[in-house]
Amino acid sequence: IDVFLKRARVGGEGVGVSSVTTSRSLLSLLELGDFTEAAFLLSVLGEGTFLDLLRFIEEHAPDEATAELTRRARADEARHVHFGLVHVKHALENDSRLYGRLEQAVRRRAASLHDVGGVPAPLQDGLTILAARSDEPKAVARGHEAFRELMHEMEQNRIKRLQHAGFSSEQAKTLSDLHTPNFM
């Protein structure tokens with residue numbers, strides 16, 4: 001976080017603040033009383049999805065410093081995701097009722113964030129322009145297609161992670177569909 005903030009400050013644009021949606025999403029994790037539910041929502045679903053976002057940024061980085069920073073952040077996030085996957089997989093193997101509890105945790109979180117309409121427009125626009133590398137209409141169209149591919153890849157990888165944790169294909173698809181649409 002410190003490195004990302006320092007880079008943002010160097011750009012002279014100032015540092016924005018977290019959106020209300022992001023703040024509410026993070027608060028919903030902090031309010032959980034069960035470690036396995038929190039690890040599942042944060043590490044498997046949230047940070048797992050974030051891995052794909054970081055890969056996208058690294059791939060489309062405007063310079064080597066951004067690519068390297070993002071590569072290192074992705075490596076760090078991968079450790080968190082792996083921990084969450086191993087923890088949830090072990091817990092599921094030892095408690096068959098946990099499937100239902102985790103699904104209910106995802107449903108409760110989705111319900112509490114029901115008014116989240118998807119990826120915030122400024123983030124979608126930023127990722128589109130990052131991938132486009134230009135504001136020319138044809139480049140923006142390519143950037144938008146890259147963003148759409150990212151969203152599809154996030155869904156597919158989320159389903160794979162859920163299956164790796166021990167969920168059936170059907171359960172994984174259900175949980176993926178319920179996941180908050182704001183990268184959290």
Side-chain angles (χ1 to χ4, degrees), residues 1-30 39-85 109-110 113 115-162 164 172 175-184:
I1 290 172
D2 288 337
V3 174
F4 282 104
L5 287 173
K6 285 177 185 175
R7 285 196 46 87
R9 288 182 185 116
V10 167
E13 299 292 325
V15 178
V17 295
S18 175
S19 71
V20 172
T21 300
T22 300
S23 297
R24 283 183 45 216
S25 184
L26 291 172
L27 180 61
S28 74
L29 296 171
L30 292 172
F40 174 66
L41 292 172
L42 175 63
S43 299
V44 177
L45 291 177
E47 290 175 316
T49 300
F50 199 58
L51 286 177
D52 296 319
L53 176 61
L54 289 169
R55 188 219 31 88
F56 181 88
I57 295 169
E58 179 184 344
E59 181 180 316
H60 298 288
D63 54 62
E64 185 51 39
T66 301
E68 181 63 20
L69 170 64
T70 309
R71 187 174 16 265
R72 290 179 184 202
R74 189 166 47 89
D76 190 46
E77 289 298 315
R79 287 190 293 274
H80 304 163
V81 173
H82 182 71
F83 168 80
L85 284 170
R109 186 160 190 251
L113 299 169
D115 56 339
V116 173
V119 178
L123 180 56
Q124 182 175 340
D125 291 348
L127 293 172
T128 297
I129 295 299
L130 179 70
R133 298 187 186 268
S134 166
D135 61 359
E136 294 295 319
K138 286 184 180 181
V140 172
R142 284 191 309 273
H144 181 68
E145 184 56 32
F147 175 78
R148 288 172 40 95
E149 289 172 12
L150 169 65
M151 298 303 290
H152 177 73
E153 183 178 317
M154 286 177 161
E155 177 186 17
Q156 295 306 305
N157 288 340
R158 188 168 40 249
I159 290 169
K160 287 177 189 174
R161 278 189 300 279
L162 289 164
H164 180 76
L175 294 173
S176 179
D177 289 347
L178 289 168
H179 182 64
T180 58
N182 65 345
F183 295 143
M184 299 300 289

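Taking CG of Leu51 as the start and NE2 of His82 as the end, the distance is 12.5 Å to the nearest 0.5 Å. Interatomic distance, Leu54 CG to Glu59 CD, rounded to the nearest 0.5 Å: 12.5 Å. For the atom pair Leu53 CG and Met151 CE, the distance stands at 9.5 Å (nearest 0.5 Å). Rounded to the nearest 0.5 angstrom, His80 NE2 and Phe50 CZ are separated by 11.0 Å. Taking CD of Glu68 as the reference point, atom CG of Asp63 lies at 11.5 Å (rounded to 0.5 Å).
Under a 3.5 Å cut-off, the side chain of Arg133 and the backbone N or O of Ala61 do form a donor-acceptor pair. Of the possible donor and acceptor atoms, one in the side chain of Arg161 sits under 3.5 Å from a partner among the backbone N and O of Gly48. In this structure, the side chain of Thr70 engages the main chain of Thr66 through a donor-acceptor pair within 3.5 Å.
Of all heavy-atom pairs spanning Gly143 and Ala131, the tightest one is CA-CB, 3.9 Å. In this structure, Pro62 and Leu130 approach most closely via the heavy-atom pair CD-CD1, 3.8 Å. When all heavy atoms of Ile159 and Ser176 are compared, the closest pair comes out as CG1-CB, 3.7 Å.
A salt bridge links Arg148 with Glu145; the closest basic N to acidic carboxylate O contact falls under 4.0 Å. Ion pairing between a basic and an acidic side chain is recognised when a charged N comes within 4.0 Å of a carboxylate O; Glu47 and Arg79 show no such pairing.
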Problem - CA sep, side-chain torsions, deciding dist, call: Leu175, Arg158, side-chain contact (heavy atoms from CB on, under 4.5 Å) - result: CA-CA 9 Å; Leu175 294 173; Arg158 188 168 40 249; over 6 Å; no

Problem - Verdict with reasoning, Phe147 to Leu123, per side-chain contact (heavy atoms from CB on, under 4.5 Å) - result: CA-CA 10 Å; Phe147 175 78; Leu123 180 56; over 6 Å; no

Exercise for the section: List the steps, then state whether side-chain contact (heavy atoms from CB on, under 4.5 Å) holds for Met154 with His179. Expected result: CA-CA 11 Å; Met154 286 177 161; His179 182 64; over 6 Å; no

Practice task
Check step by step if side-chain contact (heavy atoms from CB on, under 4.5 Å) holds for Thr49 and Asn157.
Solution key: CA-CA 8 Å; Thr49 300; Asn157 288 340; over 6 Å; no

Exercise for the section: Would you please test Arg142 and Glu136 for salt bridge (charged side-chain N to carboxylate O under 4.0 Å, His left out) and show each step? Expected result: CA-CA 10 Å; Arg142 284 191 309 273; Glu136 294 295 319; over 6 Å; no

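Among residue pairs with one or both ends in residues 55-77, those qualifying as ring-ring contact (aromatic ring centres under 6.0 Å, His included) are Phe56-His60; sequence neighbours excluded.
Scored by the side chain to side chain donor-acceptor pair (under 3.5 Å) test, Glu155 finds Lys173 as partners (sequence neighbours excluded).
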